[in-house]
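Structure first, then comments.
Values below: every heavy atom of this structure, side chains too, minus hydrogens, waters and symmetry copies. Sequence lines set the chain letters: A, B, ... in the order given, protein chains first and strands last, and positions in each chain run from 1.
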Protein chains: 4
Amino acid sequence: MVQVPREVDKHARIIEAATKIFSQKGYFHSKIADVAEAAGVAEGTIYLYFKSKEDLLISIFEHSMDKFIHEGKKELSKFSSPEEKFKRFVHFHLSLVQENQNLSHVIQLELRQSSKFMKEYKADKFFDYLRVVEEIIEEGQKSGVFSLKINPKIIRRAIFGAVDEMALEWVLMKEKKYTLEKCADQLCEMFLNGMKANPQGSA
Amino acid sequence: MVQVPREVDKHARIIEAATKIFSQKGYFHSKIADVAEAAGVAEGTIYLYFKSKEDLLISIFEHSMDKFIHEGKKELSKFSSPEEKFKRFVHFHLSLVQENQNLSHVIQLELRQSSKFMKEYKADKFFDYLRVVEEIIEEGQKSGVFSLKINPKIIRRAIFGAVDEMALEWVLMKEKKYTLEKCADQLCEMFLNGMKANPQGSA
Amino acid sequence: MVQVPREVDKHARIIEAATKIFSQKGYFHSKIADVAEAAGVAEGTIYLYFKSKEDLLISIFEHSMDKFIHEGKKELSKFSSPEEKFKRFVHFHLSLVQENQNLSHVIQLELRQSSKFMKEYKADKFFDYLRVVEEIIEEGQKSGVFSLKINPKIIRRAIFGAVDEMALEWVLMKEKKYTLEKCADQLCEMFLNGMKANPQGSA
Amino acid sequence: MVQVPREVDKHARIIEAATKIFSQKGYFHSKIADVAEAAGVAEGTIYLYFKSKEDLLISIFEHSMDKFIHEGKKELSKFSSPEEKFKRFVHFHLSLVQENQNLSHVIQLELRQSSKFMKEYKADKFFDYLRVVEEIIEEGQKSGVFSLKINPKIIRRAIFGAVDEMALEWVLMKEKKYTLEKCADQLCEMFLNGMKANPQGSA
DNA sequence: GATGAATGAGCATTCATTCAT
DNA sequence: AATGAATGAATGCTCATTCAT
């Protein structure tokens with residue numbers, strides 16, 4: 001009576017297939033029929049699990065973000081120094097991208113084609129993610145290692161932009177010229193220096 | 001009796017109309033008929049100037065990048081210190097975005113929906129733009145103000161990502177919570193500190 | 001503690017539910033799922049009792065016509081004068097419509113959307129119904145109260161059309177401007193006069 | 001330079017084709033592709049002239065009713081006696097049906113499948129038509145040939161129902177057992193007798 | 001018998017592109 | 001060059017029907 005998942009949960013299989021197809025062909029050029037075939041289900045079945053093609057796209061994002069934010073926070077909680085946390089954050093983000101290239105592609109490029117997402121959803125889960133960065137910065141400011149001149153609400157987005165653009169470039173790069181590890185090191189070096197508090201204060 | 005340019009170059013009028021329409025509705029949701037109406041020409045006329053809808057999208061990018069790279073270089077040539085050049089670059093980019101919000105929207109969001117652009121074109125004009133940043137960094141490294149640890153090819157992209165993400169956030173922000181000037185200052189402060197060469201070595 | 005029939009015959013329950021749903025939404029806009037829900041059964045169950053959606057539609061008709069023809073004949077048998085029978089027929093038909101508005105709606109409007117019904121079935125049960133009228137007319141002609149000029153096969157249909165159209169109008173009328181009784185009286189007055197045999201010949 | 005309609009007006013051609021297809025297959029079973037092919041145009045062309053399939057169905061009705069009401073009034077105006085007008089009305093209606101069987105089929109059977117029509121449109125043009133009958137009755141009542149007991153608003157509908165049902169039966173009849181002329185005569189005989197004013201009045 | 005998840009054929013509608021004028 | 005009516009390929013979604021449980 002062992003519970004063997006005879007066939008993987010259809011919901012998950014469709015999400016997975018859609019991620020692959022969308023990242024390969026682009027959202028608008030992907031057909032529901034393509035996704036259905038890749039998931040090994042009938043077209044109609046997709047509509048038993050998702051309201052529409054757009055809903056499917058947005059679900060890909062939501063499905064993963066919950067998991068990543070949870071894992072990210074868990075990962076960061078292992079470290080106490082804000083600098084160390086920051087390093088872990090950057091490495092974590094880039095390693096996620098490396099391990100989930102299709103998913104990254106969909107979130108970074110395809111998701112923005114959903115006006116529904118751009119208008120309504122983005123806020124929620126995405127800002128949860130940004131808030132993680134913000135909290136690291138604020139923690140560093142309180143403990144005196146990051147400069148108080150830094151506006152966490154502005155810089156958090158700059159950091160996200162930098163890290164994400166690196167990830168995007170890397171994902172799109174056909175012949176990888178350097179490892180994501182190398183990128184992470186460069187980014188940390190620059191951002192940590194850039195946010196560092198001046199020992200005696202400066203003009 | 002305001003002097004309206006009676007018959008502005010149709011090519012430019014179509015580019016202008018397409019930029020507006022694409023940024024408002026998104027590339028895939030924009031119809032050639034919409035663009036034609038906004039440009040005050042017949043649908044068929046668009047095909048006298050552009051091979052296809054995708055060609056029109058890419059043309060928007062090429063049309064503007066030439067101009068911006070040219071203007072940018074001219075602007076930067078007024079300054080000699082790499083730090084000053086860097087500041088001008090950041091301000092210049094952000095002010096361009098501010099003054100051409102529709103265009104920015106199209107380049108940042110819609111353009112990526114063209115697989116042709118993502119695969120073929122991006123390199124050319126976009127890398128010209130990135131090279132401007134790269135050159136500033138290299139110049140700073142040569143003159144000893146920027147750390148040699150910085151890999152210009154990596155960091156140029158991080159900087160672009162950060163600046164562009166700030167611009168994107170600002171464009172999408174409905175109630176502007178801060179000026180782009182403020183953003184520019186924060187970014188410069190952080191990046192210049194981050195890239196600064198350590199006089200006596202680092203920790 | 002009202003005595004609700006705990007498990008009414010499913011066949012009847014589905015017919016009843018379908019009648020309601022079809023009359024509300026129209027046959028083509030009604031989904032089997034709607035009917036199943038209204039009947040409190042699973043979708044698949046419907047196919048245990050009916051071959052197809054169309055079969056269900058036609059069954060509604062057959063189910064009721066048997067009953068109505070039987071009741072109608074019984075009702076009419078109480079009267080011996082053809083004129084009285086005619087009046088009873090008109091009142092009976094209109095009162096049936098009044099008491100079974102959903103059913104009337106389905107028979108008058110939705111049933112005609114079944115090509116199968118229009119081509120094959122209509123004859124049987126519907127002509128049984130028409131024959132009732134025909135027989136009244138013929139009886140009246142034999143007994144000399146109805147004119148021999150009347151062609152019972154033609155006029156029976158005209159009478160049916162008139163009575164049914166009145167019923168339809170009345171069913172669709174939102175604010176009832178007059179009672180069906182009033183209609184019945186008007187119809188009888190006119191038809192009986194119209195069919196009356198002229199004692200000394202006609203003008 | 002003679003203006004020869006090189007190809008008949010597409011709008012009319014589509015209406016004509018749709019009438020034929022709808023009457024043959026029924027509205028819901030007809031595909032836009034069928035209509036397009038019958039009209040000798042591309043599918044998309046239909047949408048240049050009609051908003052939707054339903055709009056096309058309703059247009060068939062409107063297109064013809066204007067013409068028929070106009071022609072009908074013109075025809076009736078040739079006669080002055082209400083009785084004669086009534087006869088002409090019945091003959092006119094039945095002859096229209098005979099000459100436009102496909103159209104009649106669509107108006108009598110298919111049109112009712114449009115909820116839009118049933119809810120919104122029917123009133124307008126259809127009541128124009130009914131009003132013609134009503135006016136004949138009222139005129140007859142004023143001139144004393146029709147009984148004042150007749151309620152024109154009720155009987156007009158009964159007459160319409162009778163005439164229309166006859167027409168429907170005739171249209172659907174495969175082997176015509178009698179001419180529509182014969183029907184018309186029977187109907188007139190009965191209705192005129194039925195509405196006739198009693199010389200000295202009756203109980 | 002009863003269920004309801006799964007199926008997949010079917011179709012109205014859109015819209016980039018063409019081409020006769 | 002300019003037009004815009006006409007085209008027709010393309011596809012998201014629905015829903016009657018089936019069938020493994």
> What about the rings of C/F68 and C/Y129, do their centers lie closer together than 6.0 Å?
Replying inline: no
> Just wondering, do B/K53 and B/L57 contact through their side chains at under 4.5 Å, heavy atoms?
Replying inline: no
> Of A/E43 and D/T45, whose closest DNA chain F nucleotide lies nearer the 5' terminus?
Replying inline: D/T45
> Does the side-chain contact (heavy atoms from CB on, under 4.5 Å) test come out yes or no for C/S59 and C/I15, once each step is laid out?
Replying inline: CA-CA 8 Å; C/S59 297; C/I15 288 265; 3.8 Å; yes
>> On DNA chain E, does the nearest nucleotide to C/G40 precede the nearest nucleotide to B/K51 from the 5' side, or the other way round? Give the residue.
In response: C/G40
> Over how many whole Å does the gap from B/D9 atom CG to F/dA1 atom C1' extend?
Replying inline: 13 Å
>> Which nucleotide wins on minimum distance to the side chain of B/L48, given the candidates F/dA2, E/dA2, F/dA5?
In response: F/dA2
>> For D/K53 and B/Y27, find the nucleotide of DNA chain E closest to each by heavy atoms; which residue's nucleotide sits nearer the 5' end?
In response: D/K53
> Choosing from E/dG8, F/dG4, E/dC11, which nucleotide comes nearest the side chain of A/A42?
Replying inline: E/dG8
>> For B/V41 and C/Y47, find the nucleotide of DNA chain F closest to each by heavy atoms; which residue's nucleotide sits nearer the 5' end?
In response: B/V41
> Base, sugar-phosphate alone, or nothing: which one does C/F28 contact when heavy atoms must sit under 4.0 Å apart?
Replying inline: nothing
> Under 4.5 Å between any side-chain heavy atoms of C/L111 and C/I60, yes or no?
Replying inline: no
> So what does A/I32 hit on the nucleic acid, given a heavy-atom distance under 4.0 Å: a base, only sugar-phosphate, or nothing?
Replying inline: sugar-phosphate
>> Just to be sure I understand the rule, does C/Y49 reach a base, reach only the sugar-phosphate, or reach nothing, if contact means heavy atoms closer than 4.0 Å?
In response: sugar-phosphate
